[in-house]
Amino acid sequence: MLAFVAIIIIVGFVQMRTEKPQMGHLPAPSRPLFKPEPGSLLTQSGLSLTAEQRSAIQSIESSWQVNRARLLTAMSAYQPKQGRADQISAGLQAYSELSRSFDTTRASYWTQACAQLNPKQKELVEGASK
């Protein structure tokens with residue numbers, strides 16, 4: 001009887017070790033994540049920016065960098081509270097709001113910078129981001 005119990009335990013142990021954990025199968029991303037910032041337009045040589053366009057985009061980039069620094073400082077200073085799961089979750093809402101604000105602000109500056117481009121340049125930029 002003792003040998004029978006030992007065999008069951010050994011078989012169970014071996015089966016536990018050979019079973020691989022199940023993993024979800026997510027498709028690979030079709031392209032890298034691209035979160036454009038106004039300054040990236042200044043580095044694209046194929047756009048052939050005019051001096052006026054370059055100046056306007058540089059001004060937009062400077063404003064973005066000021067706001068970016070402010071938002072990143074607020075996000076890095078955020079200290080989540082300790083407690084129950086519901087308290088932690090509620091506390092993270094403030095950080096989530098900062099993160100959404102960062103993304104919305106970045107997108108707004110990107111739109112302003114793209115507005116400085118002519119239709120052909122916009123087409124080049126849109127093609128590069130796809």
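Side chains included, hydrogens not; waters and symmetry mates left out as well; all remaining heavy atoms used.
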Checklist entry - Partners of R54 by side-chain contact (heavy atoms from CB on, under 4.5 Å), sequence neighbours excluded? => result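 With sequence neighbours excluded, R54 shows a side-chain contact (heavy atoms from CB on, under 4.5 Å) to L42, L49, Q58, given in chain and number order.
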
Can you check whether [Y]'s main-chain N or O pairs, donor with acceptor, with [X]'s side chain at less than 3.5 Å?
X: S76; Y: L72; result: yes
X: S59; Y: S55; result: no
X: T73; Y: A69; result: yes
X: Q53; Y: T50; result: yes

Next on the checklist: For residues 59-79, which residue pairs pass the salt bridge (Lys or Arg N to Asp or Glu O under 4.0 Å) check, not counting sequence neighbours?
Outcome noted: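 The answer is E37-R68.
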
Checklist entry - Which residue pairs pass the salt bridge (Lys or Arg N to Asp or Glu O under 4.0 Å) test when at least one of the two sits in residues 104-115, sequence neighbours left out? => result D103-R106

Distance (rounded to the nearest 0.5 Å) between [X] [atom1] and [Y] [atom2]:
X: L71; Y: M75; atom1: CG; atom2: CE; answer: 7.5 Å
X: Q121; Y: C114; atom1: CD; atom2: SG; answer: 10.0 Å
X: I60; Y: Y109; atom1: CD1; atom2: OH; answer: 9.0 Å

Next on the checklist: Do the side chains of E123 and K120 get close enough for a salt bridge, i.e. N-O under 4.0 angstrom?
Outcome noted: no

Checklist entry - Below 4.5 Å, heavy atoms only, C-beta onward: do L117 and I57 meet side chain to side chain? => result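 A side-chain contact exists here, since the closest heavy-atom pair is under 4.5 Å.
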
Checklist entry - Hey, are the side chains of T105 and W110 touching, using non-hydrogen atoms and a 4.5 Å cut-off? => result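 In short, these two side chains do not touch, never coming nearer than 4.5 Å.
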
Item to check | Modelled atom types, side-chain donor and acceptor of E52 and Q116, under 3.5 Å | outcome: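 Side chains of E52 and Q116: no pair found under 3.5 Å.
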
